[in-house]
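In what follows, chains are A, B, ... by sequence order, proteins preceding strands, each numbered from 1.
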Protein chains: 2
Amino acid sequence: MHHDSGTRADALDGLDEAILRELSMDARASYAEIGAVVSLSAPAVKRRVDRLRARGVVRGFTVRLDPAALGWSTEAFIELFCHGSTSPATMQTAVERYPEVVSASTVTGDVDLMVQVRARDMRHLERVVERLAAEPFVARTRSTIVLSALVRRPEVPPALAD
Amino acid sequence: MHHDSGTRADALDGLDEAILRELSMDARASYAEIGAVVSLSAPAVKRRVDRLRARGVVRGFTVRLDPAALGWSTEAFIELFCHGSTSPATMQTAVERYPEVVSASTVTGDVDLMVQVRARDMRHLERVVERLAAEPFVARTRSTIVLSALVRRPEVPPALAD
DNA sequence: AGTGAAAAGGCGCACCA
DNA sequence: TGGTGCGCCTTTTCACT
C-alpha cells in the first residue's frame with residue numbers, strides 16, 4: 001500500500017480549493033453561486049462540501065465580527081512562565097475558562113504558554129492578567145499590548161492564497 | 001440630540017447577541033432555525049442580521065478550516081525588531097504580501113512587530129523567517145514555535161461568552 | 001419592530017451519463 | 001465523478017399590526 005487514499009486526507013484538487021476560497025469569502029453563498037464561479041452544478045458543489053466536512057477539512061461555518069464594534073478594543077499577548085511540572089492539559093483546562101482568551105499555545109523557548117486575549121479596555125485587560133497570574137501553575141507573566149492590528153486573517157486558509 | 005440611534009453602534013440587545021451566538025456556531029443556519037432558538041420569525045431575524053451587517057458589526061461569513069488537514073501543520077510567532085523610523089504602513093504592506101502570515105500587530109515593549117505565521121513544515125517556516133528577516137526595515141527576528149494549540153477561537157466573539 | 005402569507009429561488013434527493 | 005428534474009423548504013417581499 002503505497003498511497004493511503006480514502007480515509008486519510010489526500011491533497012485536495014483545484015475544484016475543492018476554489019470552493020473553499022469562495023466559502024472563505026462568503027460562507028452563506030448558495031451552492032448555485034459557488035457553482036457558477038467554479039463551473040460546477042449546485043448538487044456537485046454540495047457533495048464536495050459534504051465530503052470536505054466528513055474529511056474534517058471543513059470544521060464549520062462562522063460569522064466574521066468586528067471586535068471593536070462589539071466594544072472589545074483592547075488586545076494583548078500574555079506570555080506565561082509556568083512551574084516545571086505543569087502539563088499542557090492543566091494549562092488548557094485553566095485557560096479555556098477565560099472568555100477573553102482568543103488563542104493559547106504551548107511554545108518553544110523560555111516562555112511556556114503564549115496566550116492571546118481580547119478585553120473591553122485596559123482595566124478589563126489588567127484584571128485578566130491578574131487572574132492568569134494567580135493561577136497556581138503560573139510563576140510569572142509578561143504582557144505585550146497590541147497597538148494596532150496590521151493583518152488579521154484568522155480562520156482564512158493559507159493554502160488558498162499561494 | 002440625546003441619543004444617536006440608527007447610524008452609530010449603540011450596544012446590541014439580547015436578541016442581537018443571541019442571533020450572533022447562533023451564527024458563530026453555524027453561519028449557514030437558516031433564519032428560520034435561528035428564529036426558533038431566539039423566539040423570532042425568520043424575516044425578523046433576517047432584518048436584524050442585515051442591520052448588523054450595515055452597522056459593521058457583522059463583517060461577513062467564513063468557513064472554519066482545519067489547517068492540519070490542509071497540510072499546514074507548523075505554526076510560529078515571529079517577533080520583528082525594526083529600525084527606528086519604520087512606519088506601521090510600511091510594515092503592513094510588507095507583511096500582508098505573505099500568505100503565511102495569519103496576523104501581524106504592532107506592539108508595546110522591545111519588539112516592534114508581532115507576526116503569527118502558519119507554514120506547511122519546518123523547512124517552509126525557515127524560508128518565511130529568512131524572507132522576513134531580509135526585509136529592509138527588519139533589524140532582527142526572534143521566532144517562537146508553537147508546540148500545541150491549546151485554545152483557538154479566532155473569529156469567535158468574546159462578547160457572547162461571558 | 002414583529003408577524004404572517006405569498007412569490008421566487010435554492011436545496012436535496014433520486015436518477016442518468 | 002458530474003449533470004438534470006422535481007418536491008420541499010427557505011428566503012424575501014409586502015401588507016398588517
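Contact detail for B/Thr90 and B/Phe137: the closest heavy-atom pair is CG2-CD2, 4.1 Å. Nearest heavy atoms, A/Leu65 versus A/Pro67: O-CD, 3.3 Å. The heavy-atom pair separating A/Val38 from A/Ile19 by the smallest distance is CG1-N, 4.1 Å.
The separation between A/Arg28 atom CZ and C/dG10 atom P is 14 Å, rounded to whole Å. Regarding B/Asp13, its CG atom lies at a distance of 10 Å from the P atom of C/dA1, rounded to whole Å. The distance from atom CG of A/Asp26 to atom P of D/dT11 is 14 Å, rounded to the nearest whole Å. Remark: P of C/dA1 and CZ of B/Arg48 are 8 Å apart, rounded to the nearest angstrom.
Salt bridge annotation for B/Arg152-B/Glu75: present, with a cationic side-chain nitrogen under 4.0 angstrom from a carboxylate oxygen. Between A/Glu100 and A/Arg127, none of the side-chain N atoms (NZ, or NE/NH1/NH2) sits under 4.0 Å from a carboxylate O, so this pair counts as no salt bridge.
Stem regions annotated for DNA chain C: C:1-6 with D:12-17, C:8-17 with D:1-10, counting only runs of 3 or more consecutive pairs of Watson-Crick or G-U type with both contacts under 3.5 Å.
In the set D/dT11, D/dT1, C/dC11, the nucleotide with an atom closest to the side chain of B/Ala32 is D/dT11. Closest to the B/Tyr31 side chain, of the nucleotides D/dT11, C/dG10, D/dG2, is D/dT11. Listed nucleotides: C/dG2, D/dG2, D/dT13. Nearest to the side chain of B/Lys46: D/dT13.
Residues from residues 34-45 of chain B placing a heavy atom under 4.0 Å of any atom in DNA chain D, listed by number, are B/Pro43.
In this structure, CZ on B/Arg59 lies 4.0 Å from CG on A/Asp66, to the nearest 0.5 angstrom. Note that the CG atom of A/Leu132 and the CD atom of A/Glu130 stand 10.5 Å from one another [nearest 0.5 Å]. In this structure, the separation between OG on B/Ser143 and CG on B/Leu80 is 8.5 Å, given to the nearest 0.5 Å.
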- Item | From CA spacing to verdict: side-chain contact (heavy atoms from CB on, under 4.5 Å), B/Arg48, B/Asp16 | CA-CA 7 Å; B/Arg48 292 184 91 110; B/Asp16 287 327; 3.0 Å; yes
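Residue A/Arg47 places none of its side-chain N or O atoms closer than 4.0 Å to OP1 or OP2 of C/dG12.
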